[in-house]
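Each remark here refers to the structure printed beneath this line.
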Amino acid sequence: MSEFLTSRKKDYSLWYNELVKKAGLAENSAVRGCMVIKPYGFSIWEKMQSALDTMFKETGHSNAYFPLFIPKSYFSKEASHVEGFAKECAVVTHYRLRNSADGKGVEVDPDSKLEEELIVRPTSETIIWNTYKNWIQSYRDLPLLINQWANIVRWEMRTRLFLRTAEFLWQEGHTAHETEKEAREETLKMLDVYRKFAEEYLAIPVYSGIKSESEKFAGAVDTYCIEGLMQDGKALQMGTSHFLGQNFAKAFDVKFSSRTGALEHVWGTSWGVSTRLMGALVMAHSDDDGLILPPKIAPLHVVIVPIYKSDDEFTRVSEVALKILSEIKSLGLTVKFDDRKDHKPGWKFSEYEMKGVPVRIALGPRDLQNGTAEVSRRDTKEKKLYAISTLEKEIPKLLDEIQKNLFKKALDWRTQNTCQANDFAQFKKVLDETPGFVMAHWDGTKETEERIKDETKATIRCIPVDGSAEKGKCMVTGKDSARRVVFARAY
RNA sequence: CGGGGUGUAGCGUAGCCCGGUUAGCGCACUAGACUGGGGGUCUAGAGGUCGCGGGUUCAAAUCCCGCCACUCCGACCA
């Protein structure tokens with residue numbers, strides 16, 4: 001239908017890349033692997049931030065900020081942590097430039113070599129736990145519930161806008177607790193905050209569960225995650241929450257005097273979501289005409305497009321449009337009257353469809369005569385005439401319905417593309433025929449997991465934490481399995 | 001990081017194999033007119049270090065070498 005975007009069917013990757021650029025979300029920068037997040041894209045991220053931030057505050061967390069740079073030595077303190085991140089760290093070795101000898105540019109001043117090199121944070125556990133050491137002495141200092149909004153750098157070989165970039169924005173929560181039980185509860189609480197955010201705001205249903213040993217965060221005892229299903233049948237990890245045990249407390253010597261007077265290491269968690277959620281949002285809902293945004297995170301809820309011929313008509317249409325505008329605005333919604341004269345209505349329609357604005361109101365002379373307005377919803381592209389006097393009531397209802405419909409569509413999609421497989425041959429067949437999640441029994445060993453990955457490219461996305469356990473036999477080895485786990489090919 | 005592909009105006013591209021006019025076209029842009037309920041029409045115009053750097057040649061977008069970026073596949077990873 002649209003010639004402005006490559007269709008999803010023709011080339012899903014290209015569709016995604018084009019959409020991200022054409023909807024004004026982001027573009028590649030002059031720096032390899034790094035993106036520029038454009039104003040419209042950033043305003044969506046801000047909506048996500050604000051919803052999440054509120055949820056973090058409601059669960060007792062405070063924001064703080066820790067340095068971008070981490071002394072190299074900190075990394076060696078937690079063995080598996082350094083092993084996990086070593087290969088993708090940017091390192092600062094010098095602190096000064098000088099004019100080059102030929103006078104044509106600048107070069108690194110060799111005299112400015114740092115005594116201890118600094119790592120650009122790929123995540124902040126080490127610097128934060130090093131700081132917590134000074135903040136925590138007594139059980140009275142606990143729990144310590146901190147979040148930080150920050151940029152981080154992971155030197156990726158293969159990058160894609162939002163999904164995997166060398167630098168990205170995220171939030172990382174880092175908490176310290178008196179007991180294992182409390183830290184485990186925190187881990188699951190924040191996992192559920194993420195699940196709720198994904199489902200209620202982004203309108204993306206997710207499976208939450210625990211990662212297998214080989215997929216877990218370097219330095220964690222347990223890693224939990226939420227996994228969403230994209231329209232191409234690939235899974236996307238949308239957030240993680242880690243139970244750190246006492247690993248970092250021990251590595252950084254963070255101890256407290258307990259209620260009984262004993263000196264104990266604290267228990268930790270960390271959890272994060274990133275601008276990758278922007279990619280999830282695009283791939284979960286959008287179509288061949290452009291972006292589709294759930295109203296709860298759309299920067300602009302409603303756009304009003306005037307239809308007119310003469311200046312006189314424009315004046316009369318504007319008058320009514322502005323009235324509608326202020327009515328909708330007073331409902332707490334964001335609304336824009338696009339009175340630009342340099343584009344025709346049809347052009348504007350396509351433009352706002354590309355940008356995913358949930359509701360469009362077209363208003364022309366005919367409407368003025370009849371007291372109506374043409375209301376079009378982005379998700380279904382369905383148009384309806386409403387009496388102008390009812391807009392104030394109908395628009396919020398419509399937005400609500402769009403939010404629900406998007407979630408339902410995404411849920412239906414996931415349901416249709418979640419299959420069970422009972423043997424390995426069936427597993428492979430299902431993966432190819434209905435790309436998506438496959439629930440299958442697994443014997444719990446690393447070897448079997450590896451073999452499945454090698455032969456099918458599918459990985460264990462998570463081991464569901466809730467829901468009913470169902471005993472069975474591993475689809476590969478036939479050994480006992482306590483429950484089905486979630487497999488998929490993933491981003 | 002290995003293998004393939006691509007890089008020409010803001011975007012999309014032709015030309016490159018086989019070197020030789022002023023690098024062509026569509027969209028967008030500027031001016032004006034007519035237009036206006038799903039990306040309008042006409043007229044006139046502006047816009048190019050042909051990714052960057054070397055080399056070969058009388059002559060390079062075109063051939064050779066190096067680099068950079070993007071992209072796909074693999075490895076690695078969130």
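Every chain is numbered from 1 and lettered A, B, ... according to where its sequence line falls, protein lines coming before strand lines.
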Under 4.0 angstrom between A:Arg158 side-chain N/O and B:rC70 OP1 or OP2: no
Sugar-phosphate only, base, or nothing, as touched by A:Lys341 at under 4.0 Å among non-hydrogen atoms: base
Which residue lies more 5' along RNA chain B, comparing A:Leu163 with A:Leu14 via nearest heavy atoms: A:Leu14
A:Lys344 side-chain N/O to B:rG40 phosphate OP1/OP2 under 4.0 Å: yes
Parallel, tilted or perpendicular, as decided by the 30° and 60° cut-offs, for the rings of A:Tyr132 and A:Phe66: perpendicular
Out of B:rC29, B:rU71, B:rG37, whichever nucleotide has its closest atom nearest the side chain of A:His343: B:rC29
Residue-phosphate contact under 4.0 Å: A:Arg276 side-chain N/O, B:rA78 OP1/OP2: no
Residue A:Pro365, side-chain heavy atoms: nucleotide from B:rG38, B:rG37, B:rC29 that is nearest: B:rG37
Spacing between A:Lys309 atom NZ and B:rA33 atom P, to the nearest angstrom: 20 Å
Sugar-phosphate only, base, or nothing, as touched by A:Glu156 at under 4.0 Å among non-hydrogen atoms: base
Sugar-phosphate only, base, or nothing, as touched by A:Thr123 at under 4.0 Å among non-hydrogen atoms: nothing
Which nucleotide in B:rG38, B:rC70, B:rA78 has an atom nearest any side-chain atom of A:Lys383: B:rG38
Over 12 foreign heavy atoms within 6.0 Å of NZ, A:Lys72: no
Sugar-phosphate, base or nothing in reach of A:Glu374, heavy atoms under 4.0 Å: base
Polar side-chain contact A:Arg32-B:rC70 base: donor and acceptor under 3.5 Å: no
Nearest-neighbour nucleotide for the A:Met157 side chain, B:rC1, B:rC72, B:rC29 considered: B:rC1
Check ion pair A:Arg316-A:Asp312 (N to O, under 4.0 angstrom): yes
Passing candidate, side chain to side chain donor-acceptor pair (under 3.5 Å) with A:Ser214, options A:Lys453, A:Glu449, A:Lys446: A:Glu449
Sugar-phosphate only, base, or nothing, as touched by A:Gly239 at under 4.0 Å among non-hydrogen atoms: nothing
Sugar-phosphate, base or nothing in reach of A:Ser13, heavy atoms under 4.0 Å: sugar-phosphate
Interatomic distance, A:Arg164 CZ vs B:rA75 P [rounded to whole Å]: 13 Å
Sugar-phosphate only, base, or nothing, as touched by A:Phe217 at under 4.0 Å among non-hydrogen atoms: nothing
Touch class at under 4.0 angstrom, heavy-atom based, for A:Lys216 against every strand present: nothing
Selected nucleotide, minimal atom distance to A:Tyr308 side chain, candidates B:rG36, B:rG38, B:rG37: B:rG36
Check: A:Glu313 side chain, B:rG36 base, donor-acceptor under 3.5 Å: no
Atom-to-atom span, CE of A:Met35 to C1' of B:rU71 - whole angstrom: 18 Å
Residue A:Asn17, side-chain atoms from C-beta onward, closest of B:rU71, B:rC76, B:rG37: B:rU71
Rounded distance (Å) that lies between atom P of B:rC1 and atom NZ of A:Lys87: 15 Å
Spacing between A:Arg160 atom CZ and B:rU71 atom P, to the nearest angstrom: 8 Å
Atom pair distance, as rounded to whole Å: CG in A:Asp342 and P in B:rU35: 19 Å
Parallel, tilted or perpendicular: rings of A:Trp170 and A:Phe168 (30°, 60°): perpendicular
Nucleotide B:rG37, atom P - distance to CZ of A:Arg360 in whole Å: 12 Å
For B:rG66, the Watson-Crick or wobble partner whose two distances fall under 3.5 Å: B:rC52
Mutual orientation of the aromatic rings belonging to A:Phe252 and A:Tyr74 [parallel < 30°, tilted 30-60°, perpendicular > 60°]: perpendicular
A:Tyr491 versus A:Asp232, side-chain donor and acceptor atoms under 3.5 Å: yes
